[in-house]
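Only one structure is covered here, and it is reproduced in the block below.
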Protein chains: 2
Amino acid sequence: MSSNNAPKKQPRSRYAVLGMLSMGLETGYEMKKHVEQNLGHFWSESYGQIYPVLRQLVEEELATCESENRPGERQRKRYSLTSVGWAELRAWLIRPPEPPPPRLELLLKLSFGRRLPIEACEKLVGDHREACGRDAAQLSSIESALRNAANRHPDQPFWLITLRYGRTLREAECAWCDETLEQLRNMREEDEQPSGSAVRE
Amino acid sequence: MSSNNAPKKQPRSRYAVLGMLSMGLETGYEMKKHVEQNLGHFWSESYGQIYPVLRQLVEEELATCESENRPGERQRKRYSLTSVGWAELRAWLIRPPEPPPPRLELLLKLSFGRRLPIEACEKLVGDHREACGRDAAQLSSIESALRNAANRHPDQPFWLITLRYGRTLREAECAWCDETLEQLRNMREEDEQPSGSAVRE
DNA sequence: CTAGCCATGTAATCCGTTACATGATTGG
DNA sequence: CCAATCATGTAACGGATTACATGGCTAG
């Protein structure tokens, strides 16, 4: 009852950094770039998190830091995982992720949709539809580029899994948008002839 | 260049509250309940946001507050929108939502999947598959209950739209899980016979 | 020489949750 | 009378982004 047995919740950035260390990325700068270029479709991270986390990991001896730069080498700090770090990474990996409280702004807006002219709702959904279509296409092309890549990274199969996730979900959103747009069109047409042949109950 | 012309970004809770005021909800308590019971599948809100926002809306004259309770009535504060409040709500509604930085923990874990035995990855995805299935079923049942409801709220068509969103996306996730589980099974089988009839290029 | 990238870091701020505190009212 | 629910609020904390500050190195 009293003992707080849970292993103390740590920020997710910490594990993102541990994971990137585990794949051989050595500097904070590299990690930021990797997030932007390769994980951008499902993760984001800022310097304001990365550098403090790296310092903290060294303090807790989950990672070590080499500050020395061989002369002529660009000044930078190279980090690497300790065995304790590996263990903590693995422990986190098998922990089932807990979903964050949902906050889907588009749906919130639509749930208040009656306060708007229907055309405005159609605009909201239409814009979203376009964005999703673009995203899906882009993910799809990254996917096939990666599949056909000459030099394949050992993590490649897992990257493909994440890409397929993004594509699948975007495609589903496109389908939802299309259905929704049709429904909105119907509502608008009903609105436009409230008299006519309408039978009231 | 210098003039900050943008209308100053406000927290989303503010607009959630404005929206709920626009549908006739009058007290903070009511709003919290409404979020939990009706918007729970795409939105969340805590008292720690709701009450301060209400106070602030009154200060800015977007809402008014009636503190008096008729005798015998439960003590509570009843809020309602002013015309300025309505205007701000509408302005927000037509603004295209900007997507928050992505943070999909499951995908982050899977992208580091090679650090785990494949069975552990299968567990992660399998658990997710179950959760999505449950969610999809639940949303689906809410959907049909709402469609067949006797007393239909004027906002009902829009609520159905949000429910369909949730269901569609969950179903897509289920499909992704199933595909992924199969892919992982294949990877595991390949792993288990690295010799055998494998032809090494 | 200088523009731009490499590289590290901090301070301010923000949005939001959690935990806590209080008390009135109602139903059994 | 007691438990549950109605109802309002605040304080502490936390995770994360943004903006800022600094400086070395490199290519043109």
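Numbered from 1 within each chain, the chains take letters A, B, ... in sequence-line order.
Remark: A/T27, A/G28, A/Y29 in residues 16-29 of chain A come within less than 4.0 Å of DNA chain C through at least one heavy atom.
Taking a 6.0 Å sphere around CD of A/E61, one finds it holds 12 or fewer heavy atoms contributed by other residues, nucleotides or ligands.
Residue pairs that meet the salt bridge (Lys or Arg N to Asp or Glu O under 4.0 Å) test with at least one member in residues 104-113 of chain A, sequence neighbours left out, are A/E105-A/K109. The salt bridge (Lys or Arg N to Asp or Glu O under 4.0 Å) pairs that include a residue from residues 139-151 of chain B are B/E143-B/R147, B/E143-B/R167, where partners are two or more places apart or lie in different chains. Pairs engaging residues 12-40 of chain A under the ring-ring contact (aromatic ring centres under 6.0 Å, His included) rule: A/Y15-A/W92 [sequence neighbours left out]. For residues 152-163 of chain A, the set of pairs meeting the salt bridge (Lys or Arg N to Asp or Glu O under 4.0 Å) definition, not counting sequence neighbours, comprises A/D155-B/R114, A/D155-B/R115.
Whole-Å rounding puts the B/Q56 CD to D/dT8 C1' distance at 17 Å. Atom NE2 of A/H34 is separated from atom P of C/dA7 by 16 Å (rounded to the nearest Å). Taking atom CD on B/E66 and atom P on D/dA7, their separation rounds to 16 Å, with Å as the unit. The CD atom of B/Q75 sits 11 Å away from the P atom of C/dG23 (whole-angstrom rounding). The distance from atom CD of A/Q37 to atom P of C/dC6 is 10 Å, rounded to the nearest whole Å.
Take A/R185 and apply the side chain to side chain donor-acceptor pair (under 3.5 Å) test, not counting sequence neighbours, and it matches no residue. Partners of A/Y51 under the ring-ring contact (aromatic ring centres under 6.0 Å, His included) rule, at least two apart in sequence or in another chain, are A/Y47. Under the side chain to side chain donor-acceptor pair (under 3.5 Å) criterion, A/Q49 pairs with A/S13, not counting sequence neighbours. For B/S80, the side chain to side chain donor-acceptor pair (under 3.5 Å) test picks out B/T64, with sequence neighbours left out. Listed by chain and number, the residues in a side chain to side chain donor-acceptor pair (under 3.5 Å) with A/Y165 are B/E173 (sequence neighbours excluded).
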Item to complete: State the dot-bracket string of DNA chain D. Criteria: Watson-Crick or G-U wobble, both atom distances under 3.5 angstrom; notation: ( ) intrastrand, [ ] crossing earlier pairs, | interstrand, . unpaired.
Response: ||||||||||||||||||||||||||||
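Nearest nucleotide to the B/Y51 side chain, out of D/dC6, C/dG9, D/dA7: D/dA7.
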Below 3.5 Å between N/O atoms, which protein atoms pair up with nucleotides 15-18 of chain C? Just atom names and distances, please.
| unit_1 | atom_1 | unit_2 | atom_2 | d |
| --- | --- | --- | --- | --- |
| C/dG16 | OP1 | A/R103 | NH1 | 2.3 |
| C/dG16 | OP1 | B/R12 | NH2 | 3.1 |
| C/dG16 | OP2 | B/S13 | OG | 3.3 |
| C/dG16 | OP2 | B/Q49 | NE2 | 3.4 |
| C/dG16 | O5' | A/R103 | NH1 | 3.2 |
| C/dG16 | N7 | B/Q49 | OE1 | 3.4 |
| C/dT17 | OP1 | B/S44 | OG | 3.3 |
| C/dT17 | OP2 | B/S46 | OG | 2.9 |

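In this structure, A/K33 does not reach the C/dA7 phosphate: none of its side-chain N or O atoms is under 4.0 Å from OP1 or OP2.
Within 4.0 Å (heavy atoms only), B/Y79 reaches sugar-phosphate atoms of the nucleic acid but no base atom.
Defined by atom type and a distance below 3.5 Å, a donor-acceptor pair is present between the side-chain atoms of B/R164 and A/T180.
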